[in-house]
Amino acid sequence: MQQFLQQTINGLSIGGVYALIALGYTMVYGIIKLINFAHGDIFMFGAYVGMVAVMNFNMPIYLAFIIAMAVTALFGVIIERVAYKPLRKSTRTAALITAIGVSFLIQNGVLMIMGANIYAFPQVIPNQFFTVFGLRLNMLQLVIFATSIALMIILQFIVSKTKLGRAMRSVAVDKDAAALMGVNVDNVITITFAIGSALAAAAGIMVGLYYIKVFPFMGFTPGLKAFVAAVFGGIGIIPGAMIGGFAIGLIETYVAGYGSTLYKDAVVFVILILILLVKPSGLLGKNVKEKV
Amino acid sequence: MLKVENLNVHYGVIHALKDVSIEVEQGKIVSLIGSNGAGKTTLLRTISGLIKPTSGSITFEGNDIITVAPQQLPMRGLVHVPEGRRIFSGLTVMENLQMGAYLRKDKAGIKEDLDKVFKRFEILYSRRNQDASTLSGGEQQMLAISRALMAKPRLLLMDEPSMGLAPLLVKEIFNIIREINSQGTTVLLVEQNAMQALKIADWAYVLETGSIVLGGTGEELLSSPEIQKVYLGG
Amino acid sequence: MSYLSIEHLTKNFGGLSAVSNVSISVNEGELVGLIGPNGAGKTTLFNVLTGVYKPTQGKVILNKDGKSIELSKLPPYKITHQGVARTFQNIRLFKDLTVLDNVKISMNQQAKYGLFGALTRLGKFYASEADIEVRAHEFLKKVNLDDLAYDLAKNLPYGKQRQLEIARAMATGAKLLFLDEPAAGMNPQETHALTEFIAKIRKEMDLTIVLIEHDMSLVMNICERIFVLDYGKLIASGSAEEVKNNRKVIEAYLGEEE
Amino acid sequence: GPKEAETIKIGVNLELTGEVSVYGTPEKLAFQLAVKEINAKGGIDGKQVELVVYDNAYDTAKAVENATKLATVDNVVAMLGSATSAPTLAIGPVAKQYEVLTFTPSGTNAKVTMDGTAVNPWVFRACFIDPFQGLVLANFASNTLQAKKAVVMGSSSSDYAKDLAAIFGEKFAANGGEVLTVEYYTDADTDFSAQLTTIKGLGEFDVLFVADYAARAGLIIGQARAMGIDVAIIGPDGFESPDLNDLAGGAANVSNVYFSTHFSTLSTDAKVQNFITAYTAETGEAPSALSALAYDAAYMLFAAIESAGTDPVKVRDALKATKNFAGVTGTISFDDLNNPIKSAVVVKLENGVQVEASIVNP
Amino acid sequence: MKNLFSKKNLIWLGLLIVFFFLFQFMIDVRIITPYYRTILYGIGIFIILGVSLNIIIGITGQLSLGHAGFMSIGAYSAAIVMQNMPDMTGLLLGMVVGAFVSILVSFVVAIPTLRLKGDYLAIATLGVGEIIRIVILNLEITNGASGISNIKNLISWPLLFVFVVGAVVLSANFKNSAIGRACISIKEDEIASEAMGIHTTKYKVIAFIFGAVLASVAGSLYATTYYVVKPETFGIATSINILIIVVFGGMGSLTGSAISAIFIGIVNMLLQSYAEVRLITYALVLIVVMIFRPQGLLGSKEFGLDKVLGFRPPSFKKLRKENSK
Ligand SMILES: Nc1ncnc2c1ncn2[C@@H]1O[C@H](COP(=O)(O)OP(=O)(O)OP(=O)(O)O)[C@@H](O)[C@H]1O
Ligand SMILES: Nc1ncnc2c1ncn2[C@@H]1O[C@H](COP(=O)(O)OP(=O)(O)OP(=O)(O)O)[C@@H](O)[C@H]1O
Ligand SMILES: [Mg+2]
Ligand SMILES: [Mg+2]
């Protein structure tokens, strides 16, 4: 039992990382229906910016967070303006391929500038442990967990309750009609990308702090898992991203802890497919059959 | 109030509007009729900035608006009810109405106009927290019009508001247009239902394959034998 | 026994009863109209009849060649194989394909070869393809669309698209057609042409037709019987004259004459 | 063909892009250093040496294409590469077909030099093979550390771990020890808390064998120490990396850690110290075992060319005949399977610093 | 006119024969060096992969991100069979085994997953590809992570030619048949398609299996060309590379896929010596092409003799003339 609880904590903390990245995926998807395949790489970019800020500029960590989130937000916006905006009217697949291209570009761009070697994120926050009822808890685990829940709540509030959120949702449904209401569609999309990218940067730094390893391909696997998490919970739905993230984290950890690690990822995908078969648009997705 | 001169619009090789000139006077209802694909929707979309014309000019209250982005027009009082309702699904009825008032800052005024809308369309009030996409066609049309009214339009562009509606509702929609107009909003109305459109129009134009072929008061056109034959099924 | 009988049909969406306890029967060769306010459940009824939705309650029976077929148990494509086809309220042509291909797809059942034949082109492939091509052209001639055979469906004028949608439904070999607002968005002249088109094909091809329409000029002109739905319930039925003067129908749908 | 050329062309077929470029790049640098040195001394037989470098991106198909191009278009005398086993396995048959040898500094998979059950006479390697390290470490654990119970962790996505784990297990058991469990994870993992939690639940043990590279081994060391697992941690040559300490969350965590490797910077051998100085001056980084192996491979090849000329077949025979070549990674001869016969080093780390290096002979 | 020996078919056949011998001659006299020959084999294999994925994505409209999984089935089947039978019989037998396993796997996978739409289908197929890879990674017979090496090299120009032409012709026949029309109608509008009597699930499954089998055949050729098969080769990256070929060439255009496989193969070859900039250039080309030509090189059109030789549907010209009168 003790061990099970410990595994649950392990699962929730890794799930928190997936959730953080998945939030950005889902935001962007929710507004422009684009699978931003490069999101994992934006996450990686954010980790690098944060690391450089701390390592080369000796910034305190909170400042590094702010700088990395700002720089990465700008980076995300530039990507959107240059690569995605021209494709707003083309097919979804064309946009997906562009996103894949952007992903390659970021990976290899960072690789060229920073090299392929693995960096270790400076351990500026001491990794404190405390034991509660015999369970080992880690300060950073708690931070990641709390941040992902807090951000989820904030984002959900923004999207569902504010004027900006209404504008986002209208743009998601019908860009022209939104423009006719006075919404500056480009700005709304820009803000969405900025928020999504800033979130990715925050996730990047937290992962850097917690898992230490920073390298050009660090975005791929968490990005993919986060994408799966977003779909799992119902892509486009903010609480879904979080539920999906935690679910994937838990499944992975339980399979690794009690079954065979070898089949960890396979089990995640099998469960994903099973969920989709029962709920074709994810756990929280609405099963709308197209009205004819 | 609105003046369109020698407007030309192309979709690739298709020449959708050819030297179109129309004028809408303050306080009037101007109807635009024409068969399918004549270019009526294209004209409205060009006026509200969604399509860029190849040449020509559009002035609204004396100002050139061709270069103005579509999202800035509601502020100036020019509001467009698009073809096919285009209500925001996934948003509630209330939120749709709030979107109509997107650019307004006067909270009290918005509240007042909201009350007005709900008084005019009681059914919308009873559905205010419902996802707008689950409304029936007629209800959606009412919502689309109300949403536009929330922007306090001085000039309302309406694209086929009666399409797909039951006869009873068609009558009601035209009553509403008349009422809006009597309360001071100028209306440019595009309609397939030529009979009704001409009946309420102060002035009307006929658009055929991208060109204005006829203009006159509603009554004049109603009694024109050509119009009778083609557009009124007479 | 009537050709099509809808028995105590109910379709609920969550708490909403879009169609409730509707019973209608249609005789072979009839042309009947289905009218009612927006949201009355007309399209939903069509969707149940064509298998897009499964009914919550009740059933739909087609009596054909002395056999009773329970349509409500079949998936859409099998319903079509029983000679029942439809058009859509919002046009749903295969818009990037030619007019000819739109029709050929409806005739797919007539292909006399399987996967092996298709891949190797042995056996009946060429004969069968030629046959389908000829038939498709013949059919297009019949519906006056043959001169547009190689145009993309999306490039057709609106009225022609509506016509093609009807033709495509007929090309499945259907004897029973459901038309959902065929005249929507047409002006009186176009509506008039469509009315004649429907009358013509029905006569020439022995069709049974059920149509939804808000344009009373069309409905009252050609429908032999009219059913009126309101809030999912059948509130009236009868000839054009009867329905036109029915109080309930006037109140719910037509409005008072001015 | 054996054309008389102005320069001596040597092909290089390495992982230079993508994730695995961390292995290919230092080897490229070491090759370039060796070539620079020999050319400065006047080349081989008066001819300058020229490297033709292609990237295979760890893709076997690209490795085959590159090898074909090197052998048939560039007409190189011999090929160096690849750094990892998979591309080298794909290059082997091409080397055989076009009769140009390939020499991998660090492809440790036993099959690399094989052609089915026989040896592929055209493939050589400069490193010892995986089973050998498993053996060395098992003996080290039993004899030096006096360990009785061991736990093994490794990546399921590479044979490196599987081979090491298997041989280690066999030998450790033969020495009278017991392997409690073998826990696997994937290459992409960064979180090992699930496996470590399971391990902790097994009770006491004496040694943790992490059969992996520093990229993950570092994280595992850090996470294990954080969970209170403070037994000795041992590992293969893959441990050696300047990042190990950082990845482990600080040098303090890297104590009571041992790994087997090809060479140690602690060596007082002048050749080794010269190499370290030259490499550091050239690249700005300290050499790793990979660069040391590559450096040795290059010089062994130079020696073969020097004695045999530029005919690829003769070069191969000369390389095969190498006896007691004194390199920076030890004294090397080839056995029948073209594997080097050489000793291993086991290094001890305390606070992240190499404090002791003991030579272990096979 | 309309039969197997139609003028058009005969011209095609003639062209193919000329093309075959031309290349064979160039190989024999070493205008095509062994290096270019290797490149040629790679391109041929990717033509098969591109065309087969196009059947699923471009023709039927089902976005699949797991194509490399089926490729790996063929590759491993051939590799395993050829371990004991290192000859042409072994290769062909391996291909057949791979095809059967692919049919089995794709059938099991297709029936439930093809009910999903768009992005959900994409992620499910991605999952299927990963599951296949992970299973292969952990099986005994596939030799786990290191895969199988020392596979007998049996690829040759005639062998490649037969399979590439065969795959393209079969795919073209598939597309230009009642089955192909049914698939296209599903891509266009699934609801309308079903209403026109098309058993949409059945055709989606057929297309998926057809594509999977061809991918498996390509995988077998891959195994015998590159000596080594290992699980990493068949990951998401490869599925994406195949997808790029399809989108780049034009969704629904089989000839487009072939042309784009050739184009991408040549670009990759030319960039070979520029390791550092290769992937960046590749990524940039991808983005730029998508921005300026999102429908791909050929859109959904085919590059065909009809255009080159001026063939038209018989009634077309006539009708045009009548219309213009
Ligand atoms: N986005 C577009 N791209 C290309 N052609 C278009 C586009 N939109 C409209 N057209 C063409 O422009 C012409 C005018 O279309 P428009 O929609 O303005 O007509 P309309 O009078 O509003 O017709 P309706 O009564 O059907 O609403 C038609 O020939 C139409 O096919
Ligand atoms: N898939 C669905 N999910 C939920 N509600 C639905 C669905 N389809 C239809 N409805 C609801 O059922 C009711 C009947 O809709 P239906 O489309 O059948 O009306 P209709 O009679 O065709 O109206 P119109 O004349 O406007 O087309 C409406 O309230 C509609 O919102
Ligand atoms: Mg219009
Ligand atoms: Mg309807």
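Every chain is numbered from 1, with letters handed out A, B, ... down the list of sequences.
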Inset, instruction - Indicate yes or no: at least one non-hydrogen side-chain atom of A:Phe269 is less than 4.5 angstrom from one of E:Val128. - result: no

Legend entry - Under 4.5 Å from any heavy atom of chain E - which part of A:Leu105: both

Legend entry - Side-chain heavy atoms of E:Ile287 within contact of A:Val82, under 4.5 Å: no

Inset, instruction - Could you check which of E:Val247, E:Ile280, E:Leu116, E:Thr281 has the highest count of heavy-atom pairs closer than 4.5 Å to chain A? - result: E:Ile280

Legend entry - Part of E:Tyr282 within contact of chain A (heavy atom distance under 4.5 Å): side chain

Legend entry - Spatial distance of atom CZ (A:Phe104) from atom CG (E:Leu284) [nearest 0.5 Å]: 12.5 Å

Legend entry - Which atoms of A:Ile273 approach chain E - backbone, side chain, both or neither, heavy atom under 4.5 Å: side chain

Inset, instruction - Please look at A:Leu111 and chain E and tell me whether the side chain, the backbone, both or neither of the residue comes under 4.5 angstrom of a heavy atom of that chain. - result: neither

Inset, instruction - Please check if atom CZ in E:Phe263 has more than 12 non-hydrogen atoms from other residues, nucleotides or ligands closer than 6.0 Å. - result: no

Legend entry - Any E:Tyr120 side-chain heavy atom under 4.5 Å of A:Ser281 side chain: yes

Legend entry - Pairwise side-chain contact, E:Ile123 with A:Phe232, heavy-atom cut-off 4.5 Å (strictly under): no

Legend entry - Largest heavy-atom contact set with chain A, pairs under 4.5 Å, which of E:Ile131, E:Asn138, E:Ile57: E:Asn138

Legend entry - Under 4.5 Å from a heavy atom of chain E, the part of A:Leu87 involved: side chain

Legend entry - Heavy-atom pair of closest approach, residues A:Pro86 and E:Ile291: CB-CG2, 3.6 Å

Legend entry - Residue part contacting chain E, namely of A:Ile106, when any heavy atom lies under 4.5 Å: neither

Inset, instruction - Side chain from CB out, backbone as N, CA, C, O: work out which of these in A:Tyr84 comes under 4.5 Å of a heavy atom of chain E, or both, or neither. - result: neither

Inset, instruction - Could you have a look at A:Leu272, A:Val270, A:Asn108, A:Leu276 and say which one has the most heavy-atom pairs with chain E under 4.5 angstrom? - result: A:Asn108

Inset, instruction - Only one of A:Leu96, A:Thr91, A:Thr93, A:Ile97 passes side chain to side chain contact (heavy atoms under 4.5 Å, CB included) with E:Met290; say which it is. - result: A:Ile97

Inset, instruction - Decide if atom OH of A:Tyr258 counts as having more than 12 heavy atoms of other residues, nucleotides or ligands within a radius under 6.0 Å. - result: yes

Legend entry - Closest-packed option against chain A by number of heavy-atom pairs under 4.5 Å, given E:Gly127, E:Ala122, E:Ala192: E:Gly127

Inset, instruction - Select one option (side chain, backbone, both, neither) describing which atoms of E:Ile244 are under 4.5 Å from chain A's heavy atoms. - result: both

Legend entry - Among E:Ile236, E:Leu121, E:Leu137, residue most engaged with chain A (heavy-atom pairs, under 4.5 Å): E:Ile236

Legend entry - Heavy-atom pair with the smallest gap, counting every atom of A:Gly101 and E:Ala283: O-CB, 3.3 Å

Legend entry - E:Leu63, part contacting chain A, at a heavy-atom distance under 4.5 Å: side chain

